[in-house]
Amino acid sequence: MLRATKHIAHRDTTKRVNYLCHKIVVSTNSQYSTLNYRYGGASSNQQQQGHGNGGKHHYYRHDFLAPHGPKAWTIPPNRGYGMVVVRILRGALKLRYLLLGGAIGGGMTLNKKYEDWKDGLPDLKWLEEALPQGEKWSQFSKTLIEIGGAVKDVIEIDPRLKQLGEDKVNEWRKWFDSRLDDAIEAADYQVVANVEPKDDLKAKTTVAALSLSQDDSRRKYETLQSQVETLQTEIMNVQIKYQKELEKMEKENRELRQQFLILKQQKKTGTKKIKKSLIDMYSEVLDELSGYDTSYSMADHLPRVVVVGDQSSGKTSVLESIAKARIFPRGSGEMMTRAPVKVTLAEGPYHVAQFRDSEREYDLTKESDLAELRREVEFRMRASVRGGKTVSNEVISMTVKGPGLQRMVLVDLPGIISTMTVDMASDTKDSIHQMTKHYMSNPNAIILCIQDGSVDAERSNVTDLVMQCDPLGRRTIFVLTKVDLAEELADPDRIRKILSGKLFPMKALGYYAVVTGRGRKDDSIEAIRQYEEDFFKNSKLFQRRGVIMPHQVTSRNLSLAVSDRFWKMVRETIEQQADAFKATRFNLETEWKNNFPRLRESGRDELFDKAKGEILDEVVTLSQISAKKWEEALNDKLWDKLSNYVFENIYLPAAQSGSQNSFNTMVDIKLRQWAEQALPAKSVEAGWETLQKEFITLMEKAKKSPDHDDIFDNLKAAVVDESIRRHSWEDKAIDMLRVIQLNTLEDRFVHDKSEWDQAVKFLETSVKAKLAQTEETLSEMFGPGQFTRITHWKSLTEDQNKRRYVKNELDKILKNDDKHMPTLSYDELTTVRKNLQRENIEVDTDYIRQTWFPVYRRHFLKQALQRANDCRKAYYLYSQQGTDCDINCNDVVLFWRIQQVIRVTANALRQQVINREARRLDKEIKEVLDEFSEDEEKKAHLLTGKRVTLAEELIKVRQIQEKLEEFINSLNQEK
């Protein structure tokens, strides 16, 4: 093959050399003719001679060796021919080397490209291990073919999609065939082109076009293949979607058919709708009674089914079997039923449960809802137990509806115990007995007595209680539980005696045996009922005929019997109970008219709403107080809060500094410190106290109105106290006040005479008030004066006499030095003590200082009053001389600055009260009222008295009596 390739390459090279030589001779001849024509001369003559001789070779020689310049020169003919031959051979050899080098280089490049492409492919060695080999591969291929044939016969594709796929495949096949024919023709054409040297370039062009066409075909093939795969994927997705839609429609069809059957059944038996409403109405009457009489003080003789039994005897399981749902929490040996649970069973299309005071419905077909329902029941039971008790009288009311449920009202009570544990209250046993006796003592209650069949009958506690309440057994139904265990542990004859009423002394309307479980907490009601039916079909209790009737077993027969007896009791006794409530209503209305003839019977809720309106009206009145009144009240409260600090920490220390300059400097420093730290907070505190005082004043003023009802006083006081306790001033008010007060204190000059007079008056008033307090202190310290002692027959104590002597000595010091410093020196203290020793009075220095403080305070305040009086008419002098005034009026300027601060602070607080704080207080009062309205215990505590109690009882009895009459009317319609 390599030799043939080499031969073809040599042949091609020879042809190419001949062709090039021919091209060179022709081109040289044309160039030489052009030059000869342009320059003329000897060469032209030679050309003519050549033509004339007809020598063709000579013509070529002269043409090829013609000079390229203007000078004419000649070359010998032999030498010129040899040069032409040499040049032709050299060009041919170069061309051959170029062709061979290009072929070798192209091959190496192609080989390198192939190796790079091969290295870039992923490693597929793992397929050798994954795919089967040899016979395994043959078997695997055969299995795939069989599966394909089976699937082809089963799967039906849409004809339109099938036709579309076949058309696409045929189109692709035709295109591929045409491209294959074109490639064959191009290959043949290339061979023909290689034989003819003149068409070499054309052959190359054809080969290049062919290679490009093959790339295009590969790309188009890949594109078509991807389209086919996409189409197949879409077909599969459409089939899957179609199947899902079909399943969805079938499911909806089943649900619609179920609803249609329910509606059709309701139309056929119209009385069922009345029965459902009847049981709901009757349950509402019992709920009203439980809320009306929680202490068992009223004789409630309305029928209901009372479920009683010893603890862990299966009471709750029997009730769940009747309700067809496990709705109660369970515990291993622990008391779970801690309060009466009233369960109203009603028929309905969906199996749901709902508490009386809740809107949520629990889907009893879902395990998650069942778990939440059990948790809620347990939470309500534990929440009803208060004050360290173990059981509670508070009734938990719930309704269970579902298809096939028998209509009745059952009350599940705590199990009777014989021994108490350490974690129980001391009265637990007695409380359970009292509660059980109360429900069973109702002459119209149906007693569902639950007895554990797996324990000895002699250990039963409930049978004695039932026999005491219903000795004739006219309203008792006996239920023996756990019969599957009893059959294994006890004698079957003993079980038969119990179910025949021959073992216990108590009597009953009927005796039933049930199986309420296999001891597994996770068993569903359906599984338990199936287990129960299977057990009784194969039970030894049925081996002897005539002893136990089939209707005495299974929970289904029990629920039918209880429901029938319940409605029979309701129809027999409801009229009497309605008459009893009618008589009670008449007695209460008569008592109300005798005690409160001019008042309408208003319950706690209505009274609370009325009190709420009055409180909110007072809040509105608070916002109508004038701005002037608010500022006056705030001014008084601010000075009352700030006066002590002003005198003790600013005025007195600065006044005792000794000079006017030091006074002003100390005042500036202390005022700034005060404004930056304590003053804003004290101002907010004063504003809040003013708001509180004004609101309480309005409430007290409302009590004096002729329309005031004192029954609201406790409630109003509690609401106001709670609202005030919660209310707090806005935090940003302190920062705002701080800025205002600092800016105000920067002003140190009184601007006009009116402000000066107001400051003088403010100073005098403040000093006089402080002086009066000091005089009271001195009076207590030194005792009453001589006139008072004579007129009121009073005498001085020993301490008062001693202090009078000390005071006389201190007055001498102040008389000698009118501008004495606020403290006594050591020499002065020694002098006073020695002078008192001469009078046989022994005192220490601390005693003298305690007496000196109020004495000096009075002396200083009197001087301050005198300075204020002197400065009253000194404004002109002050305005001319300023702080260098001859009359010392720094006291007036200080109090003017304080007065200005109080004024701007009062104005800012007034705006906050009107714009913000009154509204916030109104909002907090509403929140407190809303909380109180939802707290029945708090309302009962705050709204008390015979008027409230009698009205509440009358309203409740009236509601019960009206609901009973409505129920009786519906019951008569059903008849």
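We use all heavy atoms of the structure for the numbers below, so side chains are in, but hydrogens, waters and symmetry mates are not. This one's a predicted model, so the numbers in the text were calculated from it and none came from an experiment.
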Fill in: Pair Val562-Leu448, side chain to side chain contact (heavy atoms under 4.5 Å, CB included): steps then yes or no
CA-CA 8 Å; Val562 174; Leu448 201 61; 3.8 Å; yes
Is it the case that the side chain of [X] and the backbone of [Y] share a donor-acceptor pair, with hydrogens and angles ignored and the cut-off at 3.5 Å?
| X | Y | value |
| --- | --- | --- |
| Glu320 | Ile327 | yes |
| Arg947 | Ile711 | no |
| Ser563 | Met408 | no |
| Asp452 | Asp310 | no |
| Ser970 | Glu966 | yes |
| Glu532 | Thr516 | no |
| Asp935 | Lys939 | no |
| Gln451 | Phe478 | no |
| Ser358 | Gln354 | no |
| Asp369 | Thr365 | no |

Using 0.5 Å steps for rounding, measure from the [atom1] atom of [X] to the [atom2] atom of [Y].
| X | Y | atom1 | atom2 | answer |
| --- | --- | --- | --- | --- |
| Ile955 | Arg585 | CD1 | CZ | 11.5 Å |
| Thr337 | Met381 | OG1 | CE | 4.5 Å |
| Ile574 | Asp579 | CD1 | CG | 10.0 Å |
| Ser321 | Ile525 | OG | CD1 | 6.0 Å |
| Glu372 | Phe379 | CD | CZ | 14.0 Å |
| Arg529 | Asp534 | CZ | CG | 13.5 Å |

Shortest non-hydrogen contact from [X] toward [Y]:
| X | Y | value |
| --- | --- | --- |
| Asp280 | Ala346 | OD1-CB, 4.4 Å |
| Thr436 | Pro414 | OG1-O, 4.5 Å |
| Val400 | Ala323 | CG1-O, 4.2 Å |
| Val395 | Tyr439 | CG2-OH, 3.6 Å |
| Cys449 | Thr476 | CB-CG2, 4.3 Å |
| Leu964 | Ala578 | CD1-CA, 4.0 Å |

Side chains of [X] and [Y] in contact at under 4.5 Å (non-hydrogen atoms):
| X | Y | value |
| --- | --- | --- |
| Tyr350 | Lys401 | no |
| Asn461 | Ile417 | no |
| Val352 | Leu364 | no |
| Val341 | Met398 | yes |
| Ile279 | Thr344 | yes |
| Val343 | Val409 | no |
| Leu413 | Val411 | yes |
| Val466 | Val462 | yes |

Discussion item. Does Glu601 form a side chain to side chain contact (heavy atoms under 4.5 Å, CB included) with Glu589? I'd like the steps, not just the answer.
Written reply: CA-CA 9 Å; Glu601 55 272 13; Glu589 289 177 347; 5.8 Å; no
Worksheet item: Using 30° and 60° as the class limits, which term best fits the ring planes of Phe967 and Tyr282: parallel, tilted or perpendicular?
Response: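 The arrangement is tilted - the two ring planes meet at 30° to 60°.
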Look at atom [atom1] of [X] and say whether more than 12 heavy atoms of other residues, nucleotides or ligands are closer to it than 6.0 Å.
| X | atom1 | value |
| --- | --- | --- |
| Arg474 | CZ | no |
| Arg556 | CZ | no |
| His433 | NE2 | yes |

Worksheet item: So Glu347 and Gln406, side chain to side chain contact (heavy atoms under 4.5 Å, CB included) or not? Walk me through it.
Response: CA-CA 7 Å; Glu347 192 175 9; Gln406 301 299 319; over 6 Å; no
[X] bridged to [Y] by N-O distance under 4.0 Å:
| X | Y | answer |
| --- | --- | --- |
| Lys956 | Glu952 | no |
| Arg380 | Asp357 | yes |
| Glu962 | Arg958 | no |

Item to complete: Output, in order, the C-alpha distance, side-chain angles, deciding distance and verdict of side chain to side chain contact (heavy atoms under 4.5 Å, CB included) for Asp412 and Lys315.
Response: CA-CA 7 Å; Asp412 186 21; Lys315 299 185 294 73; 3.3 Å; yes
Fill in: Arg304 charged N/C atom sitting above Phe566 aromatic ring, 6.0 Å / 45°
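Arg304 over Phe566 ring: no.
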Item to complete: Assess whether salt bridge (charged side-chain N to carboxylate O under 4.0 Å, His left out) is satisfied between Glu378 and Arg374, documenting all intermediate values.
Response: CA-CA 6 Å; Glu378 183 176 3; Arg374 290 192 288 266; over 6 Å; no
Fill in: CA sep, side-chain torsions, deciding dist, call: Thr590, Asn587, side chain to side chain donor-acceptor pair (under 3.5 Å)
CA-CA 5 Å; Thr590 303; Asn587 294 334; 5.5 Å; no
